[in-house]
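Working notes for the structure below.
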Amino acid sequence: MLLGVNIDHVATVRNARGGVEPSVIEAARIAEENGAASITTHLREDRRHIKDEDVYTLMRTLSTRLNLEMAMAEDIQKIALEIKPYSICLVPEKRQEITTEGGLDVAGQLERVTEFIKPLLEAGIIVSLFIDPEETQVRASAKTGAQFIEMHTGTYSEAFGTENEEREFMNLKNSAALAQSLGLKVNAGHGLNYTNVKRMHEIPGLVELNIGHSIISRAIFTGLGEAVSEMNSLIK
Ligand code: PXP
């Protein structure tokens, strides 16, 4: 199983001051040096974290693969067709949401999704659909021409350690098996952390996990001691 690291939160911190620090390019480099198989960024319609320029620079500097998360928006599709990331992951997007809430309703807009991804597939970009682990969504995804689904693990992550954990976990496991039987490759992500990630090994054939928040959160505490001590020695 491979790890894809989502670096959007690095851009969120950078944008809080409007400057260039911390650099998302440097963050991607460190993630790659430490085993990330791919780098994920979500170019949101409101550009609240990752900016167009970040995506262009990442395409030039990454030594692994860029996985571009995007909504069904024509201007973002245009950028994707221009830079040709290794893969795109189609997500639903609401302006007011804090993060991606729920999976894409592929079943409810099968024709629209199929049409939207067609030029991306024709350009040689691998397409993944971010969906809830539900049979109807999996079956619809298999009809679109996309090669991958990414199962939304948010509900499982929230249920982890509660009486609902097993039910949510089985939804993931069964959806993955169904998707694979229909010829889809399966990734997973959202809300995975250093505890709940362990059960992902119980799902046969998962290709990649895309993880952001827990890694960037942990990085603050694994790096804060050294950062304070370095500043302290400069002051002394
Ligand atoms: N996969 C998708 C499609 C996402 O939208 C996100 C969040 O941007 C992630 C994975 C990563 O989620 P988290 O930050 O909770 O690890």
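Side-chain atoms are counted along with the backbone in the values below, which use heavy atoms only and exclude waters and symmetry mates. Atoms within a ligand are numbered from 1 in the order they appear, just like the ligands themselves. Quantities reported herein were computed from a predicted structural model and do not represent experimental measurements.
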In ligand 1, the atoms that come under 4.0 Å of a heavy atom of N210 are 10 (C), 11 (C)
Honestly, for H9 the part within reach of ligand 1 (heavy atoms, under 4.0 Å) is neither
Contacts of K78 meeting side chain to side chain donor-acceptor pair (under 3.5 Å) (sequence neighbours excluded), chain-then-number -> none
NE2 of H9 to OG of S217, rounded to nearest 0.5 Å, is 6.0 Å
Side chain to side chain contact (heavy atoms under 4.5 Å, CB included) filter on D132, not counting sequence neighbours, yields E134, H152
Distance col, row I76:CD1 vs M72:CE, nearest 0.5 angstrom, shows 13.0 Å
Could an N or O of ligand 1 be found under 3.5 Å from any N or O of G212, whether backbone or side chain? yes
Rounding to 0.5 Å, atoms CG (D54) and CG (L43) come to a distance of 8.5 Å
For V91, the ligand 1 atoms with a heavy-atom partner under 4.0 Å come out as 3 (C)
- [ ] Using a strict cut-off of less than 4.0 Å between a Lys/Arg side-chain nitrogen and an Asp/Glu carboxylate oxygen, indicate whether E202 and R199 qualify as a salt bridge.
- [x] yes
Among H190, H49, E150, the residue with a heavy atom nearest to atom 1 (N) of ligand 1 is E150
Ligand 1 to G191, heavy atom cutoff 4.0 Å, flagged ligand atoms 12 (O), 13 (P), 15 (O), 16 (O)
Closest heavy-atom approach to atom 5 (O) of ligand 1 among E69, H42, R44 is made by E69
